[in-house]
Peer 1: 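Got a structure for you, written out below as C-alpha coordinates; questions coming shortly.
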Number of protein chains: 2
Amino acid sequence: MSPAGRPRIFDMEAVLEAAMLLFWEQGYEATSLAQLRETTGLSSASLYGAFGSKEGLFEKAVEHYIAGPGSVTDVVADEAESPREAIARLLHGSIDMQTDTSHPRGCLVALSGTTRAPGAGEAGARKVVAARRAADRARIRACVVRGVTSGELAEDTDVDGVTSMIHGFLLGISTQVCDGMSARHLHAAADAVLANWDTRGR
Amino acid sequence: MSPAGRPRIFDMEAVLEAAMLLFWEQGYEATSLAQLRETTGLSSASLYGAFGSKEGLFEKAVEHYIAGPGSVTDVVADEAESPREAIARLLHGSIDMQTDTSHPRGCLVALSGTTRAPGAGEAGARKVVAARRAADRARIRACVVRGVTSGELAEDTDVDGVTSMIHGFLLGISTQVCDGMSARHLHAAADAVLANWDTRGR
DNA sequence: TCAATATCGGATCGTTCGATCCGTAAATGG
DNA sequence: CCATTTACGGATCGAACGATCCGATATTGA
(Lines give C-alpha, C1' and ligand atoms only; values in the text may rest on other atoms or scores of the structure.)
Protein backbone atom coordinates (compact mmCIF):
# COMPACT_ATOMS: atom_id res chain seq x y z
CA MET A 1 0.00 0.00 0.00
CA SER A 2 1.13 3.54 -0.65
CA PRO A 3 2.49 5.51 2.30
CA ALA A 4 0.36 8.29 3.71
CA GLY A 5 0.96 11.88 2.74
CA ARG A 6 1.66 13.62 -0.50
CA PRO A 7 3.55 11.35 -2.89
CA ARG A 8 6.80 12.60 -4.32
CA ILE A 9 6.71 14.17 -7.73
CA PHE A 10 10.32 13.78 -8.88
CA ASP A 11 11.86 10.80 -10.63
CA MET A 12 14.20 9.19 -8.10
CA GLU A 13 16.26 7.47 -10.78
CA ALA A 14 16.78 10.70 -12.72
CA VAL A 15 17.77 12.58 -9.59
CA LEU A 16 20.29 9.92 -8.55
CA GLU A 17 21.69 9.84 -12.08
CA ALA A 18 22.15 13.62 -12.14
CA ALA A 19 23.69 13.70 -8.66
CA MET A 20 25.97 10.80 -9.53
CA LEU A 21 27.27 12.55 -12.62
CA LEU A 22 27.97 15.73 -10.66
CA PHE A 23 29.78 13.95 -7.82
CA TRP A 24 31.67 11.90 -10.41
CA GLU A 25 32.75 15.02 -12.25
CA GLN A 26 33.72 17.12 -9.28
CA GLY A 27 34.16 14.89 -6.25
CA TYR A 28 32.20 15.01 -3.01
CA GLU A 29 33.60 18.10 -1.36
CA ALA A 30 33.80 20.26 -4.47
CA THR A 31 30.12 19.66 -5.20
CA SER A 32 27.79 22.16 -3.53
CA LEU A 33 24.15 21.89 -2.58
CA ALA A 34 23.39 24.75 -4.97
CA GLN A 35 24.83 22.73 -7.86
CA LEU A 36 22.96 19.63 -6.78
CA ARG A 37 19.73 21.63 -6.61
CA GLU A 38 20.31 22.95 -10.10
CA THR A 39 21.20 19.63 -11.74
CA THR A 40 18.42 17.73 -10.02
CA GLY A 41 15.83 20.50 -10.26
CA LEU A 42 14.88 19.85 -6.64
CA SER A 43 14.63 22.23 -3.71
CA SER A 44 16.63 21.88 -0.53
CA ALA A 45 13.54 20.65 1.26
CA SER A 46 13.00 17.83 -1.24
CA LEU A 47 16.65 16.88 -1.18
CA TYR A 48 16.87 16.80 2.60
CA GLY A 49 13.48 15.18 2.94
CA ALA A 50 14.50 12.32 0.71
CA PHE A 51 18.17 11.87 1.62
CA GLY A 52 18.66 13.56 4.99
CA SER A 53 21.94 15.20 4.18
CA LYS A 54 24.52 15.82 1.49
CA GLU A 55 26.28 12.69 2.67
CA GLY A 56 23.08 10.67 2.44
CA LEU A 57 22.60 11.81 -1.14
CA PHE A 58 26.21 10.93 -1.93
CA GLU A 59 25.77 7.44 -0.54
CA LYS A 60 22.70 6.84 -2.68
CA ALA A 61 24.49 8.30 -5.69
CA VAL A 62 27.41 5.93 -5.12
CA GLU A 63 25.04 2.98 -4.88
CA HIS A 64 23.49 4.14 -8.14
CA TYR A 65 26.99 4.28 -9.63
CA ILE A 66 27.88 0.81 -8.38
CA ALA A 67 24.69 -0.60 -9.87
CA GLY A 68 25.37 1.27 -13.12
CA PRO A 69 28.74 2.10 -14.68
CA GLY A 70 30.60 0.70 -11.67
CA SER A 71 29.12 -2.74 -12.27
CA VAL A 72 31.81 -3.45 -14.86
CA THR A 73 33.97 -4.79 -12.06
CA ASP A 74 31.38 -7.42 -11.21
CA VAL A 75 32.75 -9.74 -13.91
CA VAL A 76 35.66 -10.57 -11.65
CA ALA A 77 33.27 -12.47 -9.40
CA ASP A 78 31.97 -14.62 -12.26
CA GLU A 79 33.24 -18.09 -11.45
CA ALA A 80 32.11 -19.37 -14.83
CA GLU A 81 35.12 -17.57 -16.27
CA SER A 82 38.67 -18.73 -15.86
CA PRO A 83 40.49 -16.57 -13.32
CA ARG A 84 42.71 -15.09 -15.98
CA GLU A 85 39.75 -14.24 -18.21
CA ALA A 86 37.92 -12.70 -15.27
CA ILE A 87 40.87 -10.42 -14.51
CA ALA A 88 41.20 -9.58 -18.20
CA ARG A 89 37.57 -8.56 -18.43
CA LEU A 90 37.86 -6.61 -15.19
CA LEU A 91 40.78 -4.52 -16.43
CA HIS A 92 39.77 -4.03 -20.06
CA GLY A 93 36.16 -3.42 -19.10
CA SER A 94 37.14 -0.83 -16.51
CA ILE A 95 39.35 0.96 -19.03
CA ASP A 96 36.55 1.04 -21.57
CA MET A 97 34.10 2.37 -19.02
CA GLN A 98 36.39 5.01 -17.58
CA THR A 99 37.39 6.38 -20.97
CA ASP A 100 33.82 6.44 -22.26
CA THR A 101 33.14 10.06 -23.17
CA SER A 102 29.40 9.80 -22.52
CA HIS A 103 30.08 10.39 -18.82
CA PRO A 104 32.84 11.78 -16.58
CA ARG A 105 36.27 10.21 -16.74
CA GLY A 106 37.73 7.78 -14.26
CA CYS A 107 36.05 5.79 -11.52
CA LEU A 108 33.94 7.52 -8.89
CA VAL A 109 34.91 4.93 -6.29
CA ALA A 110 38.64 5.16 -6.92
CA LEU A 111 38.71 8.94 -7.14
CA SER A 112 36.69 9.55 -3.99
CA GLY A 113 39.31 7.80 -1.92
CA THR A 114 41.69 10.69 -1.58
CA THR A 115 39.72 13.22 0.40
CA ARG A 116 40.36 12.39 4.01
CA ALA A 117 39.61 15.39 6.18
CA PRO A 118 39.62 14.58 9.89
CA GLY A 119 36.23 16.16 10.48
CA ALA A 120 33.43 13.76 11.24
CA GLY A 121 31.45 15.30 8.40
CA GLU A 122 32.86 13.41 5.47
CA ALA A 123 33.54 10.14 7.26
CA GLY A 124 30.33 8.59 5.99
CA ALA A 125 31.02 9.64 2.45
CA ARG A 126 34.42 7.99 2.58
CA LYS A 127 33.06 4.82 4.09
CA VAL A 128 30.84 3.96 1.16
CA VAL A 129 33.56 4.16 -1.45
CA ALA A 130 36.17 2.55 0.81
CA ALA A 131 33.83 -0.38 1.35
CA ARG A 132 33.42 -0.80 -2.38
CA ARG A 133 37.18 -0.73 -2.89
CA ALA A 134 37.58 -3.38 -0.20
CA ALA A 135 34.94 -5.50 -1.92
CA ASP A 136 36.69 -5.16 -5.27
CA ARG A 137 39.97 -6.15 -3.71
CA ALA A 138 38.42 -9.16 -2.01
CA ARG A 139 36.95 -10.35 -5.29
CA ILE A 140 40.26 -9.92 -7.08
CA ARG A 141 41.94 -11.85 -4.32
CA ALA A 142 39.39 -14.66 -4.61
CA CYS A 143 40.16 -14.74 -8.30
CA VAL A 144 43.88 -15.07 -7.63
CA VAL A 145 43.20 -17.87 -5.17
CA ARG A 146 41.15 -19.61 -7.82
CA GLY A 147 44.08 -19.19 -10.19
CA VAL A 148 46.38 -20.95 -7.76
CA THR A 149 44.03 -23.83 -7.03
CA SER A 150 43.24 -24.30 -10.72
CA GLY A 151 46.91 -24.42 -11.54
CA GLU A 152 46.98 -21.27 -13.63
CA LEU A 153 49.34 -19.75 -11.09
CA ALA A 154 52.28 -21.34 -9.31
CA GLU A 155 51.60 -22.86 -5.91
CA ASP A 156 54.08 -20.58 -4.20
CA THR A 157 52.40 -17.48 -5.62
CA ASP A 158 52.23 -14.57 -3.16
CA VAL A 159 48.46 -14.19 -3.32
CA ASP A 160 48.26 -10.83 -1.56
CA GLY A 161 51.16 -9.49 -3.57
CA VAL A 162 49.59 -10.38 -6.92
CA THR A 163 46.27 -9.07 -5.66
CA SER A 164 47.85 -5.75 -4.70
CA MET A 165 49.53 -5.51 -8.07
CA ILE A 166 46.27 -5.98 -9.95
CA HIS A 167 44.19 -3.83 -7.64
CA GLY A 168 46.87 -1.14 -7.54
CA PHE A 169 46.94 -0.96 -11.30
CA LEU A 170 43.14 -0.87 -11.40
CA LEU A 171 43.07 2.04 -8.96
CA GLY A 172 45.78 3.86 -10.88
CA ILE A 173 43.77 3.75 -14.09
CA SER A 174 41.50 6.52 -12.82
CA THR A 175 44.27 9.04 -12.26
CA GLN A 176 45.83 8.20 -15.59
CA VAL A 177 42.52 8.61 -17.39
CA CYS A 178 41.94 11.96 -15.67
CA ASP A 179 45.40 13.01 -16.80
CA GLY A 180 44.41 12.26 -20.39
CA MET A 181 46.03 8.88 -20.93
CA SER A 182 44.65 7.15 -24.01
CA ALA A 183 42.57 3.98 -23.80
CA ARG A 184 44.97 2.35 -26.24
CA HIS A 185 47.98 2.64 -23.95
CA LEU A 186 45.94 1.55 -20.95
CA HIS A 187 44.73 -1.56 -22.75
CA ALA A 188 48.35 -2.35 -23.58
CA ALA A 189 49.20 -1.84 -19.92
CA ALA A 190 46.43 -4.23 -18.91
CA ASP A 191 47.87 -6.78 -21.32
CA ALA A 192 51.24 -6.31 -19.63
CA VAL A 193 49.64 -7.08 -16.28
CA LEU A 194 48.06 -10.18 -17.76
CA ALA A 195 51.32 -11.24 -19.38
CA ASN A 196 52.70 -11.28 -15.89
CA TRP A 197 49.86 -13.61 -14.93
CA ASP A 198 50.70 -15.97 -17.80
CA THR A 199 54.40 -16.23 -17.04
CA ARG A 200 53.60 -17.21 -13.48
CA GLY A 201 51.94 -20.37 -14.76
CA ARG A 202 53.72 -23.66 -14.60
CA MET B 1 71.69 43.17 -0.44
CA SER B 2 68.65 42.80 1.78
CA PRO B 3 65.37 44.04 0.37
CA ALA B 4 63.93 47.22 1.77
CA GLY B 5 61.22 47.11 4.38
CA ARG B 6 60.70 45.07 7.48
CA PRO B 7 62.19 41.59 7.13
CA ARG B 8 59.94 38.63 7.76
CA ILE B 9 60.01 37.04 11.14
CA PHE B 10 58.73 33.54 10.42
CA ASP B 11 60.77 30.55 9.29
CA MET B 12 59.78 29.91 5.69
CA GLU B 13 60.92 26.29 5.78
CA ALA B 14 58.93 25.54 8.92
CA VAL B 15 55.83 27.18 7.47
CA LEU B 16 56.07 25.23 4.22
CA GLU B 17 56.65 22.00 6.14
CA ALA B 18 53.57 22.59 8.30
CA ALA B 19 51.40 23.57 5.33
CA MET B 20 52.66 20.57 3.34
CA LEU B 21 51.75 18.16 6.12
CA LEU B 22 48.27 19.64 6.41
CA PHE B 23 47.58 19.55 2.65
CA TRP B 24 49.03 16.04 2.55
CA GLU B 25 46.76 14.89 5.35
CA GLN B 26 43.56 16.51 4.14
CA GLY B 27 43.91 17.45 0.51
CA TYR B 28 43.71 20.91 -0.99
CA GLU B 29 40.02 21.65 -0.80
CA ALA B 30 39.42 20.16 2.63
CA THR B 31 42.13 22.34 4.14
CA SER B 32 40.90 25.75 5.31
CA LEU B 33 42.79 28.98 5.81
CA ALA B 34 41.89 28.85 9.50
CA GLN B 35 43.67 25.49 9.81
CA LEU B 36 46.64 26.76 7.86
CA ARG B 37 46.84 29.81 10.12
CA GLU B 38 46.78 27.58 13.17
CA THR B 39 49.39 25.09 12.01
CA THR B 40 51.74 27.76 10.66
CA GLY B 41 51.12 30.25 13.44
CA LEU B 42 50.83 32.99 10.86
CA SER B 43 48.12 35.58 10.32
CA SER B 44 46.12 35.90 7.12
CA ALA B 45 48.08 39.03 6.25
CA SER B 46 51.42 37.22 6.49
CA LEU B 47 50.14 34.24 4.54
CA TYR B 48 48.72 36.35 1.74
CA GLY B 49 51.66 38.71 1.76
CA ALA B 50 54.06 35.84 1.26
CA PHE B 51 52.08 33.52 -1.02
CA GLY B 52 49.35 35.64 -2.57
CA SER B 53 46.59 33.07 -2.19
CA LYS B 54 45.70 29.64 -0.86
CA GLU B 55 46.66 28.25 -4.26
CA GLY B 56 50.01 29.99 -4.11
CA LEU B 57 50.71 28.48 -0.73
CA PHE B 58 49.68 25.05 -2.03
CA GLU B 59 52.05 25.35 -4.96
CA LYS B 60 54.95 26.19 -2.70
CA ALA B 61 53.97 23.39 -0.34
CA VAL B 62 53.95 20.93 -3.24
CA GLU B 63 57.37 22.11 -4.34
CA HIS B 64 58.52 21.59 -0.78
CA TYR B 65 57.05 18.07 -0.91
CA ILE B 66 58.72 17.29 -4.22
CA ALA B 67 62.07 18.42 -2.86
CA GLY B 68 61.48 16.40 0.32
CA PRO B 69 59.56 13.12 0.67
CA GLY B 70 58.51 13.22 -2.97
CA SER B 71 62.11 13.10 -4.12
CA VAL B 72 62.12 9.31 -3.71
CA THR B 73 60.92 9.05 -7.30
CA ASP B 74 64.00 10.84 -8.55
CA VAL B 75 65.97 7.58 -8.55
CA VAL B 76 64.18 6.56 -11.72
CA ALA B 77 66.10 9.25 -13.59
CA ASP B 78 69.48 7.93 -12.42
CA GLU B 79 71.09 6.58 -15.57
CA ALA B 80 73.90 5.05 -13.56
CA GLU B 81 71.43 2.35 -12.55
CA SER B 82 70.19 -0.34 -14.86
CA PRO B 83 66.62 0.38 -16.01
CA ARG B 84 65.26 -2.53 -14.01
CA GLU B 85 67.09 -1.44 -10.87
CA ALA B 86 65.86 2.12 -11.33
CA ILE B 87 62.24 0.95 -11.53
CA ALA B 88 62.77 -1.34 -8.56
CA ARG B 89 64.09 1.49 -6.44
CA LEU B 90 61.28 3.75 -7.64
CA LEU B 91 58.58 1.33 -6.56
CA HIS B 92 60.06 0.00 -3.34
CA GLY B 93 61.25 3.45 -2.31
CA SER B 94 57.82 4.95 -2.92
CA ILE B 95 56.19 2.21 -0.86
CA ASP B 96 58.59 2.80 2.01
CA MET B 97 58.01 6.53 1.93
CA GLN B 98 54.23 6.34 1.68
CA THR B 99 53.89 3.87 4.53
CA ASP B 100 56.27 5.79 6.79
CA THR B 101 54.26 6.67 9.87
CA SER B 102 56.26 9.81 10.64
CA HIS B 103 54.11 11.72 8.14
CA PRO B 104 50.72 11.37 6.40
CA ARG B 105 50.07 8.29 4.30
CA GLY B 106 50.20 8.08 0.54
CA CYS B 107 51.62 10.51 -1.98
CA LEU B 108 50.52 14.13 -2.01
CA VAL B 109 51.00 14.33 -5.77
CA ALA B 110 49.02 11.21 -6.56
CA LEU B 111 46.20 11.97 -4.13
CA SER B 112 45.70 15.56 -5.26
CA GLY B 113 44.83 14.39 -8.72
CA THR B 114 41.25 13.53 -8.10
CA THR B 115 39.67 16.83 -7.23
CA ARG B 116 38.63 18.37 -10.50
CA ALA B 117 36.00 21.01 -9.95
CA PRO B 118 35.26 23.06 -13.06
CA GLY B 119 35.73 26.36 -11.24
CA ALA B 120 38.80 28.31 -12.23
CA GLY B 121 39.73 28.50 -8.57
CA GLU B 122 41.48 25.19 -8.16
CA ALA B 123 42.91 24.94 -11.66
CA GLY B 124 46.31 26.20 -10.54
CA ALA B 125 46.43 23.78 -7.65
CA ARG B 126 45.74 20.88 -9.99
CA LYS B 127 48.34 22.02 -12.49
CA VAL B 128 51.29 21.68 -10.12
CA VAL B 129 50.57 18.09 -9.16
CA ALA B 130 49.52 17.10 -12.68
CA ALA B 131 52.81 18.44 -13.98
CA ARG B 132 54.72 16.36 -11.46
CA ARG B 133 52.77 13.26 -12.44
CA ALA B 134 53.55 13.92 -16.10
CA ALA B 135 57.22 14.32 -15.21
CA ASP B 136 57.22 11.04 -13.29
CA ARG B 137 55.60 9.27 -16.19
CA ALA B 138 58.09 10.73 -18.65
CA ARG B 139 60.98 9.53 -16.53
CA ILE B 140 59.49 6.06 -16.22
CA ARG B 141 59.02 5.98 -19.98
CA ALA B 142 62.62 7.01 -20.55
CA CYS B 143 63.61 4.15 -18.29
CA VAL B 144 61.56 1.69 -20.31
CA VAL B 145 63.12 2.99 -23.52
CA ARG B 146 66.52 2.47 -21.97
CA GLY B 147 65.46 -1.06 -21.11
CA VAL B 148 64.62 -1.77 -24.73
CA THR B 149 67.80 -0.28 -26.16
CA SER B 150 69.93 -2.04 -23.56
CA GLY B 151 68.30 -5.33 -24.42
CA GLU B 152 66.68 -5.89 -21.05
CA LEU B 153 63.31 -5.71 -22.75
CA ALA B 154 62.23 -7.24 -26.06
CA GLU B 155 62.50 -5.03 -29.11
CA ASP B 156 58.80 -5.26 -29.83
CA THR B 157 57.92 -4.09 -26.33
CA ASP B 158 54.96 -1.72 -26.21
CA VAL B 159 56.81 1.12 -24.49
CA ASP B 160 53.75 3.20 -23.61
CA GLY B 161 51.89 0.12 -22.45
CA VAL B 162 54.63 -0.97 -20.05
CA THR B 163 55.02 2.64 -18.91
CA SER B 164 51.31 2.86 -18.13
CA MET B 165 51.45 -0.39 -16.24
CA ILE B 166 54.27 0.79 -14.00
CA HIS B 167 52.96 4.32 -13.56
CA GLY B 168 49.44 3.04 -12.99
CA PHE B 169 50.62 0.73 -10.23
CA LEU B 170 52.68 3.54 -8.73
CA LEU B 171 49.65 5.84 -8.65
CA GLY B 172 47.49 3.09 -7.19
CA ILE B 173 49.85 2.63 -4.24
CA SER B 174 48.56 5.80 -2.63
CA THR B 175 44.96 4.69 -2.50
CA GLN B 176 45.94 1.29 -1.22
CA VAL B 177 48.10 2.78 1.51
CA CYS B 178 45.28 5.12 2.54
CA ASP B 179 43.00 2.07 2.70
CA GLY B 180 45.43 0.46 5.14
CA MET B 181 47.26 -1.97 2.86
CA SER B 182 50.45 -3.23 4.48
CA ALA B 183 53.88 -2.35 3.16
CA ARG B 184 54.69 -6.05 2.98
CA HIS B 185 51.97 -6.84 0.45
CA LEU B 186 52.82 -3.77 -1.56
CA HIS B 187 56.47 -4.74 -1.76
CA ALA B 188 55.38 -8.16 -2.98
CA ALA B 189 53.18 -6.45 -5.55
CA ALA B 190 56.13 -4.36 -6.72
CA ASP B 191 58.14 -7.55 -7.10
CA ALA B 192 55.32 -8.93 -9.22
CA VAL B 193 55.53 -5.88 -11.47
CA LEU B 194 59.28 -6.37 -11.75
CA ALA B 195 58.86 -10.08 -12.45
CA ASN B 196 56.88 -9.00 -15.46
CA TRP B 197 59.84 -6.89 -16.51
CA ASP B 198 62.17 -9.87 -16.24
CA THR B 199 60.04 -12.22 -18.27
CA ARG B 200 59.92 -9.70 -21.07
CA GLY B 201 63.67 -10.06 -21.49
CA ARG B 202 65.09 -12.17 -24.20
C1' DT C 1 -15.48 15.10 4.53
C1' DC C 2 -11.75 15.79 7.40
C1' DA C 3 -7.69 15.05 10.46
C1' DA C 4 -3.13 13.21 9.63
C1' DT C 5 0.85 12.74 6.88
C1' DA C 6 4.33 13.90 3.65
C1' DT C 7 6.27 16.78 -0.40
C1' DC C 8 6.69 20.85 -2.60
C1' DG C 9 8.96 25.79 -3.67
C1' DG C 10 11.26 29.34 -1.66
C1' DA C 11 13.05 32.24 2.02
C1' DT C 12 16.29 32.08 5.45
C1' DC C 13 19.16 30.29 9.19
C1' DG C 14 24.01 30.58 11.52
C1' DT C 15 28.59 29.26 10.11
C1' DT C 16 32.58 29.17 7.61
C1' DC C 17 34.91 30.16 3.52
C1' DG C 18 38.97 32.73 1.13
C1' DA C 19 40.45 37.22 1.03
C1' DT C 20 41.17 42.18 2.35
C1' DC C 21 41.90 46.21 5.20
C1' DC C 22 43.99 48.81 8.92
C1' DG C 23 47.02 50.45 12.43
C1' DT C 24 51.51 49.44 14.13
C1' DA C 25 56.30 47.82 14.04
C1' DA C 26 60.80 47.19 11.97
C1' DA C 27 63.99 47.40 8.49
C1' DT C 28 66.10 50.05 4.36
C1' DG C 29 68.36 54.08 1.63
C1' DG C 30 69.24 58.95 1.24
C1' DC D 1 66.73 61.55 11.02
C1' DC D 2 63.20 60.70 8.12
C1' DA D 3 60.63 59.11 4.09
C1' DT D 4 59.83 54.67 2.13
C1' DT D 5 58.96 49.98 2.10
C1' DT D 6 57.62 45.68 3.89
C1' DA D 7 55.76 42.46 7.65
C1' DC D 8 53.05 41.90 11.49
C1' DG D 9 48.50 40.90 14.52
C1' DG D 10 43.85 41.22 14.39
C1' DA D 11 39.36 42.80 12.88
C1' DT D 12 36.46 42.30 9.21
C1' DC D 13 34.68 41.78 4.48
C1' DG D 14 31.00 39.80 1.05
C1' DA D 15 29.99 35.36 -0.68
C1' DA D 16 28.94 30.74 -0.40
C1' DC D 17 28.42 26.88 2.47
C1' DG D 18 25.16 23.00 4.39
C1' DA D 19 21.02 22.88 6.68
C1' DT D 20 16.41 24.35 8.43
C1' DC D 21 11.94 26.53 8.58
C1' DC D 22 7.45 27.80 6.70
C1' DG D 23 3.16 28.17 4.20
C1' DA D 24 0.88 25.86 0.50
C1' DT D 25 -0.37 21.54 -1.75
C1' DA D 26 -1.62 16.82 -2.39
C1' DT D 27 -2.59 12.29 -0.92
C1' DT D 28 -4.02 8.69 2.63
C1' DG D 29 -7.07 6.30 6.09
C1' DA D 30 -11.08 6.89 8.94
Side-chain angles (χ1 to χ4, degrees), chain A residues 1-16 18-19 22-23 25-61 112 115 117-126 128, chain B residues 1-16 18-19 22-23 26-62 112 115 117-126 128:
Chain A
M1 141 176 71
S2 300
R6 176 177 173 177
R8 65 170 53 108
I9 297 282
F10 67 84
D11 179 352
M12 177 63 82
E13 281 294 305
V15 164
L16 287 180
L22 199 59
F23 281 127
E25 178 76 35
Q26 309 185 148
Y28 174 75
E29 309 204 79
T31 301
S32 71
L33 258 299
Q35 291 175 315
L36 288 166
R37 265 177 301 183
E38 186 184 4
T39 196
T40 61
L42 296 186
S43 65
S44 290
S46 298
L47 244 23
Y48 278 79
F51 306 103
S53 65
K54 182 186 175 185
E55 263 193 32
L57 173 55
F58 179 74
E59 291 178 23
K60 294 296 181 187
S112 300
T115 24
E122 89 307 335
R126 273 210 305 142
V128 200
Chain B
M1 142 175 70
S2 299
R6 176 176 173 179
R8 62 170 53 109
I9 299 281
F10 67 83
D11 180 351
M12 177 64 81
E13 279 296 305
V15 164
L16 288 180
L22 198 59
F23 280 129
Q26 309 187 149
Y28 175 75
E29 309 205 82
T31 302
S32 70
L33 257 300
Q35 291 174 314
L36 288 166
R37 264 176 300 179
E38 187 184 4
T39 196
T40 61
L42 296 185
S43 65
S44 291
S46 300
L47 243 24
Y48 278 79
F51 307 103
S53 65
K54 182 185 176 185
E55 265 192 31
L57 173 55
F58 179 75
E59 292 178 23
K60 296 295 182 187
V62 169
S112 301
T115 24
E122 88 308 335
R126 274 209 304 139
V128 200

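Throughout, protein chains are lettered first and strands after them, A, B, ... in sequence-line order, and every chain is numbered starting at 1. The model shown is predicted, which means the values in this text are computed figures rather than measured ones.
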Peer 1: Could you walk me through whether A/K60 and A/M12 pass side chain to side chain contact (heavy atoms under 4.5 Å, CB included), step by step?
Peer 2: CA-CA 10 Å; A/K60 294 296 181 187; A/M12 177 63 82; over 6 Å; no
Peer 1: What is the distance, to the nearest angstrom, from the CG atom on A/L42 to the P atom on C/dG10?
Peer 2: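 A/L42 atom CG is separated from C/dG10 atom P by 12 Å.
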Peer 1: Checking A/A50 now: which residues fulfil side chain to side chain contact (heavy atoms under 4.5 Å, CB included) with it, not counting sequence neighbours?
Peer 2: A/R8, A/F10
Peer 1: Quick one: do B/F51 and B/L36 satisfy side chain to side chain contact (heavy atoms under 4.5 Å, CB included)? Show the steps, please.
Peer 2: CA-CA 12 Å; B/F51 307 103; B/L36 288 166; over 6 Å; no
Peer 1: Taking only nitrogen or oxygen atoms into account, show me every contact under 3.5 Å that the protein makes with nucleotides 10-15 of chain D, one pair per line with its distance.
Peer 2:
none

Peer 1: Identify each atom pair where a protein N or O and an N or O of nucleotides 14-17 of chain C are less than 3.5 Å apart, giving names and distance.
Peer 2:
| unit_1 | atom_1 | unit_2 | atom_2 | d |
| --- | --- | --- | --- | --- |
| C/dC17 | OP1 | B/S32 | OG | 3.3 |

Peer 1: In residues 4-11 of chain B, which residues come under 4.0 Å of DNA chain D by heavy atom?
Peer 2: B/A4, B/G5, B/R6, B/P7, B/R8, B/I9, B/F10
Peer 1: With rounding to the nearest 0.5 angstrom, report the CG to CG distance, B/L16 to B/D11.
Peer 2: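 Here the interatomic distance stands at 9.0 Å.
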Peer 1: Using whole Å, what does the distance between atom C1' of nucleotide D/dC17 and atom OH of A/Y48 come to?
Peer 2: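 Going from OH in A/Y48 over to C1' in D/dC17 covers 9 Å.
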Peer 1: Carefully, step by step, assess A/Y28 and A/V128 under the rule side chain to side chain contact (heavy atoms under 4.5 Å, CB included).
Peer 2: CA-CA 12 Å; A/Y28 174 75; A/V128 200; over 6 Å; no
Peer 1: Specify the separation, in whole Å, of atom CG of B/L47 and atom P of C/dT20.
Peer 2: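 Those two atoms, CG and P, are 13 Å apart.
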Peer 1: May I ask you to check if A/K54 and A/F23 form a cation-pi contact, with NZ or CZ under 6.0 angstrom from the six-membered ring centre and within 45° of the axis?
Peer 2: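 No, A/K54 and A/F23 do not form such a contact.
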Peer 1: Can you name the side-chain hydrogen bond (donor to acceptor under 3.5 Å, both in side chains) partners of B/T39, sequence neighbours left out?
Peer 2: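 Residues passing side-chain hydrogen bond (donor to acceptor under 3.5 Å, both in side chains) with B/T39: none at all.
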Peer 1: May I have the distance from A/Q26 (atom CD) to D/dC17 (atom P), rounded to whole angstrom?
Peer 2: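 Between P of D/dC17 and CD of A/Q26: 10 Å.
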Peer 1: Please name all residues satisfying side-chain hydrogen bond (donor to acceptor under 3.5 Å, both in side chains) with B/R37, sequence neighbours left out, ordered by chain then number.
Peer 2: B/S44
Peer 1: By side-chain hydrogen bond (donor to acceptor under 3.5 Å, both in side chains), which residues pair with B/T40, not counting sequence neighbours?
Peer 2: none
Peer 1: Tell me every residue that passes side-chain hydrogen bond (donor to acceptor under 3.5 Å, both in side chains) with B/S53, counting only those two or more places apart in sequence or in another chain.
Peer 2: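 With sequence neighbours excluded, B/S53 shows a side-chain hydrogen bond (donor to acceptor under 3.5 Å, both in side chains) to no residue whatsoever.
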